[in-house]
Amino acid sequence: MSKATAVRAAGETLTHRQTVTVMVGLMLGMFLSSLDQTIVSTSIYTIANDLDGLSLQAWATTAYLITSTVSTPLYGKLSDIFGRRPLYLAAIVIFLAGSLYAGSVHSMTELAIARGIQGMGAGGLLALALTIIGDIVSLKDRAKFQGYFMSVFGISSVLGPVVGGAFAGSANILGFDGWRWVFFINLPIGLAALAVVFLYLHLPAKHVKQKIDYWGAAAITLAIVPLLLVAEQGRSWGWTSLTSFLCYGLGVVGIVWFLLAEKGAGDYALIPLRLFKNLTFGLSSLLNFIIGVGMFGAIAMLPMYLQLVKGLTPTEAGLMMITFTAGILTGSITAGRTISASGTYRIFPIMGTAILTAAALAMGLTLGVDTGLWVPGLIAVFFGMGLGFCMQPLTLAMQVSVPAKDMGVGTSSAAFFRSMGGAVGTAVFISMLFSLAAARIADTMKSAMGSADYQAVLNDPAVAADPANAKLYEFFQHGASNESLNDTSWLHTANSVLTRPITEGFAYAIDTVMITAAVLTGIAFLISFALPNKKLMDPKSAPQKAPEAVPAH
């Protein structure tokens, strides 16, 4: 490669072939980030047992969630100051280092630390990939390219549980425990992404004279870490426990401190408050958060239904979600191509939230113990389509609503608010699920006990002597509660007549959660009408003042 092609002048565009090559590298990086949110879910039980740390397994998930969420806005702001390429390369290297460490650990404590390192890299992979596309692709074509990136998100969300389950189910692969390949698989993919980005992505050198908002970074960390901790651990701690209230308090202090720090920082703030004065940016941020709560919480419920009510394994549930991938592919690519052709994007968040609301409502009204599997499979198509219609257009809206110098902040803010909403939604809805299920199961059990047919099976000596029913009878002794429902591995191997009230209770709880999700996405649907109805237009090629560069040393 010649020196002339290695560093391009500002404003010079890539050829179509160069753009596609860079996009492949960026998509690989984004694939790593989104895959690792789900690949561990089906393997964590095996990993925890192997490392003798079953009680600590939740921390491996929490560590990744916290560091990836906290680091997302930091990458966005730093990339606006120092440039995208060095930050993106650093994110890949950090992620690979965390993956190598995670595959080599010997305790759950080590795994939690390694997952935290992975998350620090993952925070930059999603946001910066979309930002770089915003830098190298014209506004007319940006929606089309970003639509492909959203498809990667959908594919990884389905592949994750399937691949994770397959690795965890293998005793040994190439001399290593099977579960270690959940992390080692990242190395070849990440190295390929690193090579492509290093060799082919050459943006103009950039170093803007600007202070770094250290106080804002510290404040947002204090605000987010306790709130994510309580969101993830609140069900086991107790939502009204002293530890939970301590987290609530620290989170509120952090939020207030962050707002004061950002107001004082002005233009060099981590997320400048002036951006929220723009109606499009403010509404898109709010929509990303609400959709994150309703949508990601709802997406967590569909696999729960397939496993708890229908008795599918995690891997089978993952394969069933292929229809979700089909929906998100259709939605993302359709939205991207249409926006590129017409220049209008407002209709897609409106349509997307409407479809999500209808899908959540359909799920809440139709899913029961005896519902055919084709019903959740069909609903998942529309969930995916609604997601595809919302995510990419809202990210695009936030990009075009900020000045070019804040592109990194605008893009990372979209990912940040969506991630926060997803964390809150998943935690609250899962807690809601088990609380509602415990109460409903107690009622259905009481009703079933009054049935002569149920009593006949319950008191049958052959049923009581069957080892497959041992944990079921223990459950009858302790009664339905959050604690007794923590382990449901016996639910679909025990006598189906006796477990019927339990599966009915779970089905009722999931339906209620989904109707709640429908209310939230319905609110987002109403808010989406307030988005300005503007056409996307490339800025005119008028000369602009270049940012003041720091002299090379």
Side-chain angles (χ1 to χ4, degrees), residues 37 147 150 153-154 157 231 280 282-306 321 323-332 334-335 345-367 375-398 413-433 436 507-531:
Q37 293 178 11
M150 294 299 107
F153 171 84
S157 67
T280 301
L283 286 176
S284 297
S285 300
L286 178 61
L287 283 170
N288 269 308
F289 181 79
I290 296 175
I291 290 169
V293 174
M295 182 171 53
F296 285 99
I299 289 170
M301 287 301 105
L302 204 48
M304 282 280 190
Y305 168 79
L306 294 171
M321 294 293 284
T323 55
F324 168 78
T325 302
I328 199 170
L329 280 167
T330 303
S332 297
T334 301
Y345 64 87
R346 178 176 175 265
I347 185 62
F348 285 103
I350 294 172
M351 289 172 59
T353 49
I355 292 170
L356 286 170
T357 303
L361 196 58
M363 190 170 165
L365 296 176
T366 62
L367 298 191
V375 177
L378 181 61
I379 290 173
V381 174
F382 290 98
F383 261 124
M385 190 178 297
L387 176 56
F389 279 173
C390 287
M391 286 179 66
Q392 186 263 340
L394 286 175
T395 299
L396 187 64
M398 292 180 76
S413 294
F416 172 71
F417 286 111
R418 191 163 51 240
S419 177
M420 281 296 295
V424 171
T426 303
V428 170
F429 283 162
I430 288 178
S431 178
M432 185 178 170
L433 165 67
L436 287 169
Y508 168 83
I510 289 170
D511 288 348
T512 306
V513 168
M514 291 312 305
I515 291 172
T516 305
V519 171
L520 286 172
T521 53
I523 293 171
F525 169 67
L526 296 176
I527 293 173
S528 64
F529 281 96
L531 285 169

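Nothing fancy with the numbering, it's 1 onward along the sequence. Quick caveat, the model's predicted, so the values are computed rather than measured.
Annotation: side chain of L367 is not in contact with side chain of M514 (no heavy-atom distance under 4.5 Å). Between L378 and T323, every side-chain heavy-atom pair lies at or beyond the 4.5 Å cut-off. Between R418 and T395 there is a side-chain heavy-atom pair separated by less than 4.5 Å. Counting heavy atoms from C-beta outward, M398 and S284 have side chains that approach closer than 4.5 Å. Side chains of L531 and I350 form no contact here, defined as non-hydrogen atoms less than 4.5 Å apart.
Of all heavy-atom pairs spanning L520 and I290, the tightest one is O-CG2, 3.4 Å. Shortest non-hydrogen contact noted between D511 and M363 is OD1-O, 3.3 Å. Between L394 and P349, the shortest heavy-atom distance links the atoms CD2-CG, 4.0 Å. When all heavy atoms of A530 and L283 are compared, the pair lying nearest together is O-CD1, 3.4 Å. Residues P376 and Y305 come closest through the heavy atom pair CG-CE2, 4.0 Å. For the residue pair Y345 and A397, the shortest heavy atom distance occurs at CE1-CB, 3.5 Å.
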Please table the atom pairs, donor to acceptor, closer than 3.5 Å between any side-chain atom in residues 379-390 and protein atoms at least two apart or in another chain.
none

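In this structure F417 satisfies the ring pair (Phe, Tyr, Trp, His ring centres under 6.0 Å) test with no other residue, sequence neighbours excluded. Contacts of T516 classified as side-chain hydrogen bond (donor to acceptor under 3.5 Å, both in side chains), with partners at least two apart in sequence or in another chain: none. Not counting sequence neighbours, the partners of S419 by the side-chain hydrogen bond (donor to acceptor under 3.5 Å, both in side chains) test are T69. Contacts of S413 classified as side-chain hydrogen bond (donor to acceptor under 3.5 Å, both in side chains), with partners at least two apart in sequence or in another chain: none.
Sequence neighbours left out, the pairs with a member in residues 347-359 that pass side-chain hydrogen bond (donor to acceptor under 3.5 Å, both in side chains) are T357-T521.
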Going through the distances and angles, do F529 and R346 end up as a side chain to side chain contact (heavy atoms under 4.5 Å, CB included)?
CA-CA 8 Å; F529 281 96; R346 178 176 175 265; 4.2 Å; yes
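Under a 3.5 Å cut-off, the side chain of S528 and the backbone N or O of F525 do form a donor-acceptor pair.
Atom CG of L356 sits about 7.0 Å away from atom CD1 of I291, to the nearest 0.5 Å.
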